[in-house]
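Notes follow the structure.
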Amino acid sequence: MIFASFFAAEAPHFDDQFNWWVKERYTALAEPLGTPALVPLLVERLKPGTDRSTSDTRDDALDALAKLLGADPRLDPAGKPRPLQDEVMADLRERCGAVTPAAAARSDGGNSR
């Protein structure tokens with residue numbers, strides 16, 4: 001739960017200049033350490049883009065979402081890969097919505113800093 005609070009506190013700064021590595025580390029750690037409170041914040045990391053940092057962050061966010069949601073959003077009900085860029089991300093945004101980092105921290109049992 002503490003990790004989710006730190007993630008929520010740092011999320012508004014992920015796209016700041018020179019903060020790409022913070023975004024990448026937190027998103028990568030969301031798979032083993034994340035809680036369901038992070039789902040909306042991870043959905044925000046599903047941004048289109050071709051640069052390495054955006055691509056790596058998107059892949060890590062999808063890995064974390066698969067674990068937290070209990071199903072891999074990249075696969076259809078038959079287990080076949082779905083078109084990633086449009087369909088999967090649109091479904092996740094609709095399913096999970098977006099939340100402010102402050103709301104995510106509050107939903108983390110009051111463990112925000």
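Because the structure is a prediction, the values reported are computed rather than measured. Residue numbers start at 1 and run along the sequence shown.
Salt-bridge check for Asp60 with Arg25: failed, with every basic side-chain N at 4.0 Å or more from each acidic carboxylate O. Asp76 and Lys80 are not joined by a salt bridge, as no carboxylate oxygen comes within less than 4.0 angstrom of a charged side-chain nitrogen. In this structure, Arg82 does not pair ionically with Asp72, as no charged nitrogen and carboxylate oxygen lie closer than 4.0 Å.
The OH atom of Tyr26 sits 10.5 Å away from the CG atom of Leu33 when rounded to the nearest 0.5 Å. Here the OG1 atom belonging to Thr54 is positioned 8.0 Å from the CG atom belonging to Asp15, to the nearest 0.5 angstrom.
Across Ala11 and Leu41, no two heavy atoms sit closer than the pair CB-CD2, 4.4 Å. Summarising the geometry of Leu38 relative to Ala30, their closest heavy-atom pair is CD1-CB, 4.4 Å, with the distance given to 0.1 Å. Considering all non-hydrogen atoms of both residues, Pro12 and Ala9 come closest at CD-O, 3.4 Å. Pairing each heavy atom of Pro36 with each of Pro40, the nearest pair is O-CD, 4.1 Å.
Side-chain contact between Val22 and His13 is absent, with no heavy atoms from C-beta onward closer than 4.5 Å. A heavy-atom distance below 4.5 Å is not found between the side chains of Ser55 and Thr50. When side chains are defined from C-beta on, Phe14 does not count as touching Glu44, because their heavy atoms never get closer than 4.5 Å.
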Q) Would Phe7 and Leu42 satisfy side chain to side chain contact (heavy atoms under 4.5 Å, CB included), going step by step from the backbone distance to the final call? A) CA-CA 10 Å; Phe7 188 106; Leu42 290 166; 4.0 Å; yes
(Q) One pair to check against side chain to side chain contact (heavy atoms under 4.5 Å, CB included): Thr57 and Leu46. What are the steps and the verdict? (A) CA-CA 8 Å; Thr57 300; Leu46 302 179; over 6 Å; no
Q.
Using salt bridge (Lys or Arg N to Asp or Glu O under 4.0 Å), reason through Arg58 and Asp63 one step at a time and then give a plain yes or no.
A. CA-CA 9 Å; Arg58 184 177 50 244; Asp63 290 341; over 6 Å; no
Q: Using the salt bridge (Lys or Arg N to Asp or Glu O under 4.0 Å) rule, take Arg45 and Glu24 through it: C-alpha gap first, then chi angles, then the decisive distance, then the call.
A: CA-CA 10 Å; Arg45 298 292 104 208; Glu24 287 182 13; over 6 Å; no
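A continuous path of hydrophobic side-chain contacts links Ile2 to Leu68 [ILVMFWY only; heavy atoms under 4.5 Å].
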